Number of protein chains: 2
Amino acid sequence: MMTNPKMQALGEKRSVIREIFEYAKVRKAEIGEQNVFDFSIGNPSVPAPDCVNEAICRIVKETPSVLLHGYTSAQGDASVRKTIADYINARFNTRLTGDNLYMTCGAAASLTISIHALANPGEEFITFAPYFTEYKVFVEGAGCTLNALPSDEKLLPDFSALEKAITAKTRGVIINSPNNPSGVVYGEQTIQKLVEILNRKQAELGTDIYLIADEPYRELVYDCEIKVPFVMNYYANSLVCYSYSKSLSLPGERIGYIAVNPDMVGAKSVYAAVCGAGRSLGYVCAPALLQRVVAACVDKTADVSVYKQNRDTFYQALTAYGYDVVKPDGAFYLFVKALEEDAYAFCERAKKYELLLVPGDDFGTKGYVRIAYCVAPETISRALPAFEKLAKEYQAKV
Amino acid sequence: MMTNPKMQALGEKRSVIREIFEYAKVRKAEIGEQNVFDFSIGNPSVPAPDCVNEAICRIVKETPSVLLHGYTSAQGDASVRKTIADYINARFNTRLTGDNLYMTCGAAASLTISIHALANPGEEFITFAPYFTEYKVFVEGAGCTLNALPSDEKLLPDFSALEKAITAKTRGVIINSPNNPSGVVYGEQTIQKLVEILNRKQAELGTDIYLIADEPYRELVYDCEIKVPFVMNYYANSLVCYSYSKSLSLPGERIGYIAVNPDMVGAKSVYAAVCGAGRSLGYVCAPALLQRVVAACVDKTADVSVYKQNRDTFYQALTAYGYDVVKPDGAFYLFVKALEEDAYAFCERAKKYELLLVPGDDFGTKGYVRIAYCVAPETISRALPAFEKLAKEYQAKV
């Protein structure tokens, strides 16, 4: 045995999404970029807002090199953390200080660090399917198990399943709203019901059950009546794992944070464990220049109106063609029922029309596919006839 | 138990170096920055070469935002990896391709990813004291143990100890040359002897023993006759963990790579395990802009002549005052014998003269202190009288 076989398997398999992403590259080279309809990856299609590149160039010019590119504190530059804490407080009426924030290399780092900080091997995290595939990888990397519970037909948590699933081994619940892959947003009632169960179970079991809110899509919500509740205002034992990847269209730059709710009992210990986990996993500090950039752009977002337009076009067209789609309130994904039971077979058939979709099985929900609509609007208009033909092929079969 | 107690302890203790770094901040506020002689942290004191900030601004202007700030492949942008592979090949006469390189968030990430990729819980890594303190944290984070072997009086590996220490559980040997904290460089003879033992033990035990070369200080060597051998040219089962933190004065930006020797048996499996470990630890990709920046500056280094000047001044003065110093060939550290047996007590005494030094105990070698001389030359000239007084205080005692 030359390697850790689990790690080798993870590296060899890659995620299904990455696999399709690589197939797309090859296929585009074969038949031309415009003829491949790649809806596989959640790479933002709108540029970063101007303030980002302006801030990069300004900060580079204004800041002495040794200070700018030097180590920050492991938890992040103090003034950056203060700026972000102040912004969150103003927006959500919270009482965070910079010392409740830990800057990270993006949402994946926020999650792995939080999980390693809180969990002991053998413990369990709960999430609701469909869920972001890498949760399983991150949780298992900490020696824990992920219990993915079903959702109801609106793709909201099945609370009776949650009641039954929580045991003394349950260390946390991971939620992701707006959701990848479904685009569903958990409204206030959902959060209240969830929190009611968690509080009750904590009291019953005498344990701490942490609520980890994975929120890279927080700013990507398309109707003004849709609110994404800020979990800290509902539940003391909560951590928010944020990333600027989607809100500022910076996924490659790896920048985000963990916010530890100051209202939780033992908040300082949990924060210390976050610092320790970051250290153990090799995260020395989040990229220094980008820390300053996100602080400079703390109240800005990329122009997400394109995503709304894409959602509306796509949702209306697919529904008209006979597809069964849960209308997404946020993120940039459609979660669509496959037209046959086996989503893999459906995706293979879609490939013949050069439509690259991701089977829902990998998100823990069989019989669905994910469509990432963070693409140019023209890609959607050119792809729609292919979706129509695909639907007709199935309708002809019946 | 609210957290993982190991992680909490790691976060609460912080590293001794960080602890002193924080003390220095407080002390500077009390008595003025110029009156505190902080030799605790290895934060480069020379600016990044001009090409770095030029490249940042140029790349930001030239590259469309979605491409620039988007995800790269998990292993790093293909053209960046090719550029670096070509550079290494030209310099060291190796045969790397981009597919042997995995871009990382700096040396700490390179190490943790390599360790998690190769090791199974319960296995062992060997290193030689004095060693960079975080090795223990990274190795234990993978469920393994670090066996730190003694060095000889020149602070080179004790090979008879190595012969005895290698067992069937030995998964790898971590070396760090130029060394933090000693500045010692392992010359060709040292590498040859090391490799001879590793090859022999591999044959005897029928195992793979990987040589992990942690090389953030490769470019920081001060005399033209000093060569740092490139381990891939000596040993098939080798990985190079590189970082641009010191060579380009970019420690806060977190950028480096892992190079997997293509000559090793199973190089593809090891590379896959590296990709899997990166994924498991939450490293989605190395910061995208910085990947392009280091490729643009691949053959540049910061002006390290200041470090050489600092080393010479410091070494000559301390030797003249009666300190016992191993002359460092590289890095930016002096490893000095404490003037009493207990290095902690010595550091406390030095603090009275506002000299902030790091006890060698934390690097696995008792009775020494580390002095980081990556500071302004004036800091050294102002600090020297304090070192002289400190030595005299001890001489008066005898």
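Side chains included, hydrogens not; waters and symmetry mates left out as well; all remaining heavy atoms used. Here the structure is a predicted model, which is why all the values come from computation and not from measurement. Below, read A as the first sequence line, B as the second, and so on, with proteins coming before strands; counting in each chain starts at 1.
Of the atoms belonging to B:Ser249, it is backbone heavy atoms, and not side-chain ones, that fall under 4.5 Å from chain A. In this structure, chain A has heavy atoms under 4.5 Å from both the backbone and the side chain of B:Ser73. Only the side chain of B:Ile56 comes within less than 4.5 Å of a heavy atom of chain A; its backbone N, CA, C and O stay farther away. For B:Val139, no part lies under 4.5 angstrom from a heavy atom of chain A.
Every residue two or more places apart in sequence or in another chain that forms a salt bridge (charged side-chain N to carboxylate O under 4.0 Å, His left out) with A:Lys25 is listed here: A:Glu22. In this structure, the salt bridge (charged side-chain N to carboxylate O under 4.0 Å, His left out) partners of B:Glu134, at least two apart in sequence or on a different chain, are A:Arg279.
Counting heavy-atom pairs closer than 4.5 Å to chain A, the top-ranked of the candidates B:Ser65, B:Cys105, B:Ala142 is B:Ser65. Comparing A:Ala107, A:Ala109, A:Ala117 by how many heavy-atom pairs each has under 4.5 Å with chain B, the most go to A:Ala117. Ranking B:Ser280, B:Gly141, B:Cys275 against chain A, the residue ahead of the rest is B:Ser280, based on heavy-atom pairs under 4.5 Å. Between chain B and the residues A:Ala74, A:Ala277, A:Gly278, A:Ser245, the largest count of heavy-atom pairs under 4.5 Å involves A:Ala277. The candidate from A:Pro121, A:Gly70, A:Gly266 with the greatest count of non-hydrogen atom pairs under 4.5 Å with chain B is A:Gly70. Comparing B:Gly106, B:Ser269, B:Ala108 by heavy-atom pairs within less than 4.5 Å of chain A, the highest count is held by B:Ser269. Of the listed residues (A:Cys285, A:Ala302, A:Ser45), the greatest number of heavy-atom pairs within a distance under 4.5 Å of chain B belongs to A:Cys285. The candidate with the highest count of non-hydrogen atom pairs below 4.5 Å against chain B, out of A:Lys6, A:Glu253, A:Arg254, A:Glu140, is A:Glu253.
Ring geometry, A:Tyr102 versus A:Tyr271: the interplanar angle exceeds 60°, so the pair is classed perpendicular (tilted spans 30 to 60°).
What you find for A:Ile41 and A:Ala372 is that their closest heavy atoms are O-CB, 3.6 Å.
Centroid-to-centroid, the aromatic rings of B:Tyr210 and B:Phe125 stay 6.0 Å apart or farther.
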